[in-house]
Amino acid sequence: MEHRGLDASGYFEREGSLGRVQDGFRALVDAARARTAEAYGRRLHSAYLYGSVPRGTARPGRSDLDLLLVLHHEPSDEDRDTAEVLARGLDEDFPEVEGVGILLQDKAAVLSEAERFDLGWFLACLCTPLLGADLAEHLPRYRPDSLLARETNGDLADVLPEWRTRVREASTPQEYRTLSRRFSRRLVRTAFTLVMPRWGGWTSDLGESAEIFGMYYPERAAQLREAAAVALDPVADPEVLRSYVEDLGPWLADEYTARHGTRTRRRGVPAT
């Protein structure tokens, strides 16, 4: 039987583990653990890895390291400054990765009802414990249903105006590459969660996500395959970005709303 990231009862299996970290990235993960503990001390409740490194699919010199840090209190400006210093230091000291991203959240937000099917699901299903007590023990189990689709990616229409502004303001090849990577990743993930309940499973592989989407929307399949390729190998072509914000993005936002509705409005908690 095809494995779709679910257990025998149809619930998400947690993806990633420290045991899957490739040998070439273990020193980086050890440093991330030690430096995070030193930087935040008792302010830190727990820390998690997510993305390609704990999945064991990271590409040396091309993948990034992604961390979620959960604090006991709402993150302050000082906490955010600390995260920037921490991320920059890891990025500079370890050429194995091309960038380090750190998400800061607080325990109350992660466990809140408002974030149960977005931030809570993200931690429980896509994050690998690195430090501290695992908050997934306080969260429910999840299925790939329409509620989850709505609450995770049902806000694409809200972000498109900002994307258009970013495209207008970009002018250098590096800026274009950065935006193409960020936008294409979000579009492919949103396209996948659009069809996730029908497919009945989960994958974080962008290429596989595009292929699954294409089974249900063959008329847009080629666009998603191209977006998945850009997510792995960013391009400096502004026309690609314009196609995202003027064609693929608006279509996907409208189709998502029609099928799953729009994400519940939050107060003060950023989307993951």
Side-chain angles (χ1 to χ4, degrees), residues 25 50-53 55 57-68 83-84 87-88 90-92 94-103 122 126 152-196 203-214 216-257 263 270-272:
F25 293 90
Y50 65 96
S52 61
V53 171
R55 291 200 303 267
T57 60
R59 300 182 299 167
R62 303 184 70 181
S63 295
D64 51 10
L65 176 71
D66 297 305
L67 293 162
L68 168 65
E84 290 184 10
R88 185 166 58 250
L90 289 168
D91 189 23
E92 291 174 350
F94 291 90
E96 295 90 334
V97 288
E98 185 181 25
V100 175
I102 297 179
L103 291 177
F122 173 69
L126 304 188
T152 53
N153 285 305
D155 62 342
L156 181 59
D158 292 337
V159 304
L160 284 174
E162 179 187 351
W163 282 15
R164 294 187 182 101
T165 299
R166 298 289 297 276
V167 172
R168 287 195 301 269
E169 293 176 347
S171 59
T172 69
Q174 184 55 48
E175 288 175 327
Y176 291 138
R177 280 191 290 269
T178 298
L179 293 178
S180 71
R181 184 184 193 191
R182 184 176 303 166
F183 293 1
S184 59
R185 282 184 173 188
R186 174 65 187 273
L187 289 171
V188 174
R189 287 169 178 155
T190 301
F192 171 70
T193 52
L194 170 65
V195 303
M196 174 186 67
T203 179
S204 286
D205 183 280
L206 296 177
E208 184 179 16
S209 296
E211 293 302 321
I212 293 167
F213 168 84
Y216 300 92
Y217 293 93
E219 71 280 8
R220 293 277 179 171
Q223 281 182 294
L224 254 293
R225 291 191 192 101
E226 292 171 1
V230 170
L232 295 174
D233 294 297
V235 298
D237 185 352
E239 290 303 317
V240 170
L241 294 171
R242 294 187 187 102
S243 73
Y244 289 166
V245 300
E246 302 300 340
D247 177 32
L248 181 57
W251 173 83
L252 185 55
D254 288 344
E255 186 68 15
Y256 213 98
T257 298
R263 179 182 174 185
T272 57

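Residue indices begin at 1 and follow the sequence shown. We use all heavy atoms of the structure for the numbers below, so side chains are in, but hydrogens, waters and symmetry mates are not.
Checked against salt bridge (Lys or Arg N to Asp or Glu O under 4.0 Å), E246 has the following partners two or more places apart in sequence or in another chain: R164. Scored by the salt bridge (Lys or Arg N to Asp or Glu O under 4.0 Å) test, D64 finds R181, R185 as partners (sequence neighbours excluded). For E98, there are no side chain to side chain donor-acceptor pair (under 3.5 Å) partners, not counting sequence neighbours. Evaluation of the side chain to side chain contact (heavy atoms under 4.5 Å, CB included) rule for T57 yields S52, R55 as partners, not counting sequence neighbours. With sequence neighbours left out, R189 forms a salt bridge (Lys or Arg N to Asp or Glu O under 4.0 Å) with no residue at all. For the side chain to side chain donor-acceptor pair (under 3.5 Å) test, residues two or more places apart in sequence or in another chain that qualify with S204 are E15, W202.
Under the 4.5 Å side-chain criterion, counting only non-hydrogen atoms from C-beta, L68 is in contact with F122. Considering only heavy atoms from C-beta on, E208 stays 4.5 Å or farther from E211 through its side chain. Contact check for L103 versus Y50: side-chain heavy atoms found under the 4.5 Å cut-off. You'll find the side chain of L160 reaches within 4.5 Å of the side chain of P250, heavy atoms only.
Taking the six-membered ring wherever Trp is involved, the centroid distance between the rings of W163 and F183 falls below 6.0 Å.
We find the OG1-OH distance between T193 and Y256 to be 3.0 Å, quoted to the nearest 0.5 Å. Within the model, atoms CG of L156 and CD of E255 stand 12.5 Å from one another, a figure rounded to the nearest 0.5 Å. Note that OH of Y217 and CD1 of I212 are 14.5 Å apart. Values are rounded to the nearest 0.5 Å. Distance check: R242 CZ to D237 CG gives 8.5 Å after rounding to the nearest 0.5 Å. In this structure, CG on L187 lies 11.0 Å from CG on L206, to the nearest 0.5 angstrom. Here the CZ atom belonging to R59 is positioned 10.0 Å from the CZ atom belonging to F25, to the nearest 0.5 angstrom.
Between the side chain of T257 and the main chain of D254, no donor-acceptor pair closer than 3.5 Å is present.
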Exercise for the section: For side-chain contact (heavy atoms from CB on, under 4.5 Å), just list the numbers for L194 and N153, CA-CA rounded to whole Å, side-chain angles, deciding distance to a tenth of an Å, and then say yes or no. Expected result: CA-CA 8 Å; L194 170 65; N153 285 305; over 6 Å; no
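Residues I102 and A83 approach most closely at CD1-O, 3.5 Å, considering heavy atoms. Listed here is the closest heavy atom pair of S209 and V188: CB-CG1, 3.9 Å. The shortest non-hydrogen separation linking Y244 to S184 is OH-CB, 3.6 Å. A pairwise comparison of heavy atoms in A210 and A228 identifies CB-CB, 4.1 Å as the closest pair.
With Q223 as the fixed residue, the side chain to side chain donor-acceptor pair (under 3.5 Å) test singles out one of R225, R220, E226, E219: R220.
Q174 and T178 share a side-chain donor-acceptor pair at under 3.5 Å.
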